[in-house]
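Notes to accompany the following structure.
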Amino acid sequence: MRLSSTLRRCSAVLAAGALLLVAPAPASAAAGGNVYFNWQIPSAPAAGLTNITFPVTVNPASNHLDGIYFAQQFTFNGLGGYIGLQPRADSSGSERLHATFSVFASSGAPGSYGNTPSTDPNCKPGADTAAGASCAVEFNAVYGHPYNLTVQLTGANTWTGTATDTVTNVSTHIGTWSVPATAGFLAPSYAGFIEDYLSVTSCATTPLADGVFAGPTTTDGGGLAGSVTMQNPPEGGSACTGQANLQSQAVGSGQHIVRGTTGSPSPLTGAGSGLCLGAPNPNAWGTQTNIEVCNAAGTQQWAFLPDSSASTGSVPTTALNAQSGVIQGSLQLLGTDSSGNRLCLDDNAGTAPGTAVTTWNCDTTNANANEQWSLYPDGSIHSVASGLCLDVSGGAVAAGSLVDLWNCTGNSSQRWVR
């Protein structure tokens, strides 16, 4: 991870009133870029806080793979750290998250505990390329559940990090470390980030990060609540800045943030036929799609792009009012027409069962309602405009069978695998 530089970059752009900045650490830019935001808890005790809880939700649309870090940073007097969640690959039918809790020492050799020691088995010496303590644990999780990430004073100058599923109330211990007595208590404001820390082959395939950072809370001062606001500019750290489909929306006292795509283009395979959704004639916009023998051609590779705020004024990748696991956006074909135009799956402005599903020139603002689709956990793909399902006409399974819209029935001809 390259988060020591993130601490420094975020501190440089904090709003006035964010106190006790950490000492600079060695710089190194994030591979795919970062999203930055601020948090604050007003009216905090002058001495600082003995605990902060950061509610963080990793939504189901996020890539379930290593490479994305949803984090909140905090500071003491002269040193700082972070706590957060990283997606991991599903295992044995369970979703997995990796929780981290680290502190950067104010003295000591790189790779050592320095003046922030720990005896916790979840912790190891060093924080990124600096001195400090880094604690981590991986656990079975549920994407879409809010996790309370708590930084808590649990002894003399000793701090513990935990992650609690607010739906199941299951709490996971992340780690414990100590700081010098001069560090004092936690500052009531600082910054957080979403980091894409693995190399990307292109900005168009930046891994999808979809999360909600609710306002932090503390039990100090009789119980206080804070807020999260986006920084300006909200993005930086790589050549993909401004090219990774960043969107944000205020949700209560927090922020719903989406950046990236669901990954590299991949086939959409029919559960009933085993054949791939194809665009038989990309040079003729409006040609009806079909199912074809899978051959890895660009006319069978589809990338899911989250909705743009230009279409609805919101960030509906994980719709706030939809069932868990539903994501919304456009399906863009890897292949182009002969003029290089990108093509998207299009519902042909149809609202009646039997309407042909075609490809059409992509609206770069995603404002075209005809190109909006909701992907459901059961594999069905729904037209946002009509609510009808992407279906192989008549339930056919033969190569060349046409694809249209139909009432959602759950049939295998309406279930697709990415």
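Since the structure is predicted, the reported quantities are computational estimates derived from the model, not experimental observations.
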Who pairs with [X] by side chain to side chain donor-acceptor pair (under 3.5 Å), at least two apart in sequence or on another chain?
| X | answer |
| --- | --- |
| Gln288 | none |
| Asn407 | none |
| Ser227 | Gln40 |
| Thr166 | none |

Worksheet entry | Side chain to side chain, Leu345 and Val357, heavy atoms closer than 4.5 Å |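 SC-SC contact between Leu345 and Val357 confirmed.
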
Do you see a donor-acceptor pair shorter than 3.5 Å between the side chains of [X] and [Y]?
| X | Y | answer |
| --- | --- | --- |
| Asn348 | Thr355 | no |
| Tyr69 | Thr100 | yes |
| Thr160 | Thr176 | yes |
| Asp210 | Ser62 | no |

Worksheet item: Asn51 and Thr219: side chain to side chain donor-acceptor pair (under 3.5 Å), yes or no, with the steps?
Response: CA-CA 7 Å; Asn51 65 88; Thr219 62; 2.9 Å; yes

Fill in: Ring centres under 6.0 angstrom apart (Phe37, Phe213)
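Yes: the rings meet the under 6.0 Å criterion.
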
Practice prompt. Enumerate the residue pairs fulfilling disulfide bond (SG atoms under 2.5 Å apart) with a member in residues 113-165, sequence neighbours excluded, ordered by first and then second residue.
Written response: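 Non-adjacent pairs meeting disulfide bond (SG atoms under 2.5 Å apart): Cys123-Cys135.
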
Item to complete: Could you tell me which residues satisfy ring pair (Phe, Tyr, Trp, His ring centres under 6.0 Å) with His64, sequence neighbours excluded, listed by chain and number?
Response: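 For His64 the ring pair (Phe, Tyr, Trp, His ring centres under 6.0 Å) partners, ignoring immediate neighbours, are Tyr143.
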
Worksheet item: Salt-bridged, Arg96 to Asp90, with N to O below 4.0 Å?
Response: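 Not counted as a salt bridge, because no side-chain N and carboxylate O are separated by less than 4.0 Å.
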
Fill in: Qualifying residue, where the test is side-chain hydrogen bond (donor to acceptor under 3.5 Å, both in side chains) with Trp285 and the options are Asp337, Asn341, Asp346, Asn361
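The residue from Asp337, Asn341, Asp346, Asn361 that satisfies side-chain hydrogen bond (donor to acceptor under 3.5 Å, both in side chains) with Trp285 turns out to be Asp337.
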
